[in-house]
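Here is the structure we will look at, set down as structure tokens.
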Amino acid sequence: MHTEYSSAEQLRYMHLLSKEYPTISAAASEIIRIQALLQLPKGTEHFMSDLHGENEAFIHILNSASGVIREKIDQLFDRDVPARERADLATLIYYPAQKLPELKERQEDLHWWYRNTLYRLIDLCRLVSSKHTRDHVRKYMPQSCAYIIDELLHAHFEDHNKELYYDEIVESIIRNDRADAYITRFCELIKRLAVDQLHIVGDLFDRGPRPDQILDTLIRYQDVDFQWGNHDVVWMGAAAGSPICVLTVLKTTLAYNNLDTIETGYGISLRTLEQMADQVYKDSDVTLWRPKDEEKGGKDWPTAARMHKAVTTMMLKVETQVIARNPDFLMQGRDFLNHIDYEAGTVSCNGKTYPMRDCDFPTVNPANPGQLTVEEEDTLKNLIRGFRESERLQRHVQFLYAQGSLYERYNGNLLFHGAVPMTEQGELAVEVFEGCGYKGKALFDYCDRRARQGYFAPEGSPERQSGQDFLWYLWCGSLSPVFGRSAMTTFERIYIDDPETHKEVKNPYYACVKDPAAVELILSEFGLTDPGSHVVNGHVPVKAAEGENPVKGGGKLIVIDGGFCRAYQRTTGIAGYTLVFNSRGLTLRTHQPFVSAEKAIREDEDIASRSERIYSSSDRILIADTDVGKEKALLIKDLNKLIAAYQSGLLQERV
């Protein structure tokens with residue numbers, strides 16, 4: 001009797017479920033609600049990667065839902081509203097705080113404009129919310145005006161019995177000086193409802209001006225997940241207090257003279273570093289260390305160059321220490337300070353000897369090259385303290401850990417930033433750590449765990465230091481799933497004047513995935529065997545200008561690094577991709593360069609984009625077909641069991 005509840009654990013679960021659904025009526029009502037919900041079309045997902053701190057372009061694309069909002073405006077108002085007014089409406093939705101004052105100044109009849117704009121926003125909001133439940137829409141409404149917005153969204157203006165009622169709501173909003181507030185609320189709601197889930201497939205940090213502002217935006221957005229890129233993990237290590245990660249982050253930052261993120265965004269002082277660099281390298285020729293973008297918001301170029309050289313020297317010293325204590329990394333030979341002939345001014349690299357472009361190492365002791373000087377030690381401690389004590393950085397990195405991972409399986413798609421390490425023969429490559437071999441999904445899971453240890457393991461523990469070293473390995477290791485190249489040739493590009501040594505050979509993965517069988521192997525390894533499954537990949541910019549296709553593996557793999565970062569746009573010929581997954585299938589949107597938010601607001605200039613259908617589902621994809629839908633279906637089964645338990649007397653209703 002009662003075989004379904006023979007185990008104590010099952011019965012305990014039924015007791016817990018009964019607290020939320022204390023009666024047959026409550027459980028049955030929830031079943032009815034879920035069954036109806038499962039028949040709605042799935043929500044829209046957007047995938048973006050390699051943002052690299054390009055905050056203005058990212059925020060514009062997020063505000064515009066990658067051009068979807070403008071398409072909805074044209075769909076609704078193409079016949080009745082002039083193109084200029086449609087452009088104004090789009091910009092108002094993207095930037096209500098900035099655009100609203102300008103539009104108001106233009107109006108001869110402000111009352112008429114308010115009324116017209118509110119009705120247009122109501123129509124548009126109704127359209128983008130049409131495939132959502134009322135509960136879902138209410139979740140994104142501000143409490144102070146949720147009732148009124150809800151009434152207007154579900155108004156039937158053709159109902160003459162309520163025509164005056166709805167009209168009076170709009171008139172009262174205007175009459176009581178609340179029009180600006182409601183216009184802003186509708187704009188924000190439209191943007192939020194246009195995209196259900198945002199996936200960032202790696203590399204928020206470095207090169208671009210303000211990754212911190214992107215993270216602030218995403219924290220407010222909430223429905224977002226991250227697949228960490230190699231530029232992200234090194235920042236995560238820096239926030240954890242890893243010396244090598246702190247120095248690596250600063251080396252990249254100073255190479256671009258991009259100090260706004262460090263000093264303004266995160267409030268980390270570089271004064272001690274500047275003083276030490278000015279003292280040690282005051283007589284050095286630092287032309288070689290000139291920043292790539294000396295006009296950025298940083299120091300004058302000689303100061304930035306001296307700081308760049310100081311940090312790089314310290315980084316190379318600490319690298320020798322990390323490589324020595326981690327033989328598993330197989331990076332022996334890349335501890336370059338141990339392979340320099342300081343008298344001859346040469347270095348051994350890959351079995352050959354090369355003259356060095358800069359032989360000035362005033363702080364290096366050739367007998368112990370990895371040893372920091374007292375001044376360097378003090379400077380490094382000060383820098384680590386700055387990263388550890390930046391509340392904003394810690395909040396951002398904790399968000400990356402909470403919402404992020406090395407990979408994600410979401411609604412049949414496999415998301416990761418770099419590569420699944422493979423052999424030349426197209427097999428999954430095995431990497432040995434701590435005496436055990438890992439490949440494929442097991443390698444990703446292992447790396448994810450080690451990355452978390454670097455931040456969350458107890459202070460001073462071997463696990464914490466080991467995890468922090470591993471975060472650096474993920475940044476540049478030859479079999480790192482987020483790097484995917486033979487080596488990070490930073491040293492060679494600075495010190496050796498031979499382009500052959502600068503090459504970073506891609507993992508065989510990148511050649512293998514041209515074959516559909518290799519992509520199917522990867523999907524199967526991660527438990528995705530549905531015909532509609534795809535790999536979504538970032539990291540390596542697609543050379544679209546040269547005709548490279550971002551869709552590979554017979555249509556099963558999509559690379560979405562299209563050069564969002566300005567530094568890569570000469571390579572790609574475009575300015576990024578957004579992959580859109582809605583109930584009809586997958587669409588790749590290709591973006592052209594974005595000038596500035598100021599120009600977009602002033603001139604209603606949108607990002608030019610074009611769309612290409614990548615995959616069309618044979619049937620419309622419903623919530624029932626999604627991961628959330630499958631979880632809801634399991635809940636229906638449990639609720640039916642709960643009802644049976646009530647009906648059999650095993651559990652008692654609590655009326």
Heavy-atom nearest pair, Ala65 first then Val195, reads CB-CG2, 3.9 Å

Under the criterion side chain to side chain contact (heavy atoms under 4.5 Å, CB included), I'd like the reasoning laid out for Asn413 against Phe47: C-alpha separation, chi angles, the key distance, then a yes or no.
CA-CA 11 Å; Asn413 294 313; Phe47 305 75; 4.2 Å; yes

Next item on the list: State, yes or no, whether a side-chain contact exists between Gln394 and Gln398 at a heavy-atom distance under 4.5 Å.
Entry: yes

Side-chain heavy atoms of Tyr646 within contact of Ser18, under 4.5 Å: yes

Find out whether Val513 and Ile522 are in side-chain contact, i.e. whether some heavy atom of one side chain is under 4.5 Å from a heavy atom of the other. yes

Take a 6.0 Å sphere around CD of Gln143 and say whether it holds more than 12 heavy atoms from other residues, nucleotides or ligands.
no

Verdict with supporting geometry, Ile61 and His46, side chain to side chain contact (heavy atoms under 4.5 Å, CB included)
CA-CA 11 Å; Ile61 287 179; His46 281 213; over 6 Å; no

Closest non-hydrogen atoms of Gly553 and Val519, given as atom of the first, atom of the second and distance, are CA-CG2, 3.8 Å

Note: Ser583 and Arg620 closest approach over all heavy atoms is OG-NE, 2.8 Å

Could you tell me whether Gln75 atom CD has more than 12 heavy atoms of other residues or ligands within 6.0 Å of it? yes

>> Whether Lys42 and Asp625 form a salt bridge (side-chain N of Lys/Arg under 4.0 Å from carboxylate O of Asp/Glu) is what I want to check.
In response: no

Residues passing the ring-ring contact (aromatic ring centres under 6.0 Å, His included) test with His539, sequence neighbours excluded, are His417

After noting the C-alpha distance and the side-chain angles of Asp167 and Tyr119, does the key distance pass the side chain to side chain contact (heavy atoms under 4.5 Å, CB included) rule?
CA-CA 10 Å; Asp167 196 60; Tyr119 276 116; 3.0 Å; yes

Taken in chain and number order and not counting sequence neighbours, the residues that satisfy ring-ring contact (aromatic ring centres under 6.0 Å, His included) with His136 are His132, Tyr140

Residues passing the salt bridge (charged side-chain N to carboxylate O under 4.0 Å, His left out) test with Glu427, sequence neighbours excluded, are none

- Item | Minimum side-chain heavy-atom gap Thr44-Lys131 below 4.5 Å | yes

- Task: Report the C-alpha separation of Ile643 and Gln647 in whole Å, then their side-chain angles, then the decisive distance to 0.1 Å, and conclude whether the side chain to side chain contact (heavy atoms under 4.5 Å, CB included) test is met.
- Result: CA-CA 6 Å; Ile643 290 173; Gln647 291 172 335; 3.6 Å; yes

Contacts satisfying salt bridge (charged side-chain N to carboxylate O under 4.0 Å, His left out) that involve residues 8-24 (not counting sequence neighbours) are none

Taken in chain and number order and not counting sequence neighbours, the residues that satisfy side-chain hydrogen bond (donor to acceptor under 3.5 Å, both in side chains) with Asp216 are Arg392, His396

- Message: Would Lys552 pass as a cation-pi partner of Tyr510, given that its NZ or CZ must be under 6.0 Å from the six-membered ring centre and within 45 degrees of the axis?
- Response: no

Q. Do the side chains of Asn537 and Tyr509 get nearer than 4.5 Å, heavy atoms only?
A. yes

For Asp328 and Tyr473, which I'm curious about, is there any donor-acceptor pair between the side chains at under 3.5 Å? no

- Message: Can you tell whether the side chains of Asp123 and Arg120 come within less than 4.0 Å, N to carboxylate O?
- Response: no

Sequence neighbours excluded, the answer for ring-ring contact (aromatic ring centres under 6.0 Å, His included) partners of Phe387 is none

| said: Contact between Tyr165 and Glu151 at the side-chain level, heavy atoms closer than 4.5 Å - yes or no? | reply: yes

Hits for side-chain hydrogen bond (donor to acceptor under 3.5 Å, both in side chains) against Asp180, two or more places apart or cross-chain, chain-then-number order -> Lys104, Tyr114

What pairs of donor and acceptor atoms, side-chain ones from residues 225-233 against any protein atom, are under 3.5 angstrom apart with sequence neighbours left out?
| residue | atom | partner | partner atom | Å |
| --- | --- | --- | --- | --- |
| Asp225 | OD1 | His199 | ND1 | 2.9 |
| Asp225 | OD1 | Gln227 | NE2 | 2.8 |
| Asp225 | OD2 | Gln197 | NE2 | 3.1 |
| Asp225 | OD2 | His199 | ND1 | 2.8 |
| Trp228 | NE1 | Leu400 | O | 3.1 |
| Asn230 | ND2 | Trp475 | O | 3.4 |
| His231 | ND1 | Asp206 | OD2 | 2.7 |
| His231 | NE2 | Arg207 | NH1 | 3.3 |
| Asp232 | OD1 | Leu204 | N | 2.8 |
| Asp232 | OD2 | Asp203 | N | 2.7 |
| Asp232 | OD2 | Gly229 | N | 2.9 |

Sorted by chain and residue number, the side-chain hydrogen bond (donor to acceptor under 3.5 Å, both in side chains) partners of Arg388 (sequence neighbours excluded) come out as Glu459

Tell me, do Leu218 and Leu198 make a side-chain contact under 4.5 Å, heavy atoms counted? yes

Nearest heavy-atom approach of Asn507 to Val420 is OD1-O, 4.3 Å

Arg589 and Ser611 have their tightest heavy-atom pair at NH1-OG, 3.1 Å

| said: Please evaluate residues His52 and Phe564 with respect to the criterion ring-ring contact (aromatic ring centres under 6.0 Å, His included), reporting the C-alpha separation (whole Å), side-chain torsions for both, the decisive distance (0.1 Å), and the verdict. | reply: CA-CA 8 Å; His52 286 296; Phe564 206 93; 9.5 Å; no

Q) Does the distance from a Lys or Arg side-chain N to an Asp or Glu carboxylate O, for Asp223 and Arg192, drop under 4.0 Å? A) yes

Contacts satisfying ring-ring contact (aromatic ring centres under 6.0 Å, His included) that involve residues 444-467 (not counting sequence neighbours) are Tyr401-Tyr455, Tyr401-Phe456, Tyr407-Phe444, Phe416-Phe444, Phe433-Tyr446, Tyr438-Tyr446, Phe444-Phe526, Tyr446-Phe470

Sorted by chain and number, sequence neighbours left out, side-chain hydrogen bond (donor to acceptor under 3.5 Å, both in side chains) with Arg449 holds for none

So do Asp561 and Val201 actually touch side chain to side chain, heavy atoms under 4.5 Å?
no

On a heavy-atom basis, the closest approach of Lys556 and Ser533 is NZ-O, 2.6 Å

Distance only, no hydrogens: is a donor on one side chain within 3.5 Å (strictly under) of an acceptor on the other, for Tyr577 and Asp50? no

**Request:** Please check if the side chain of Ser466 supplies one atom and the backbone of Glu463 the other of a donor-acceptor pair under 3.5 Å.
**Result:** no

Lys/Arg N to Asp/Glu carboxylate O, Lys191 vs Glu188, below 4.0 Å
yes

Quick note, ring-ring contact (aromatic ring centres under 6.0 Å, His included) partners involving residues 612-637, not counting sequence neighbours, are His534-Tyr615

### salt bridge (charged side-chain N to carboxylate O under 4.0 Å, His left out) evaluation trace for Asp448 with Arg452
CA-CA 6 Å; Asp448 190 290; Arg452 294 181 191 280; 2.6 Å; yes

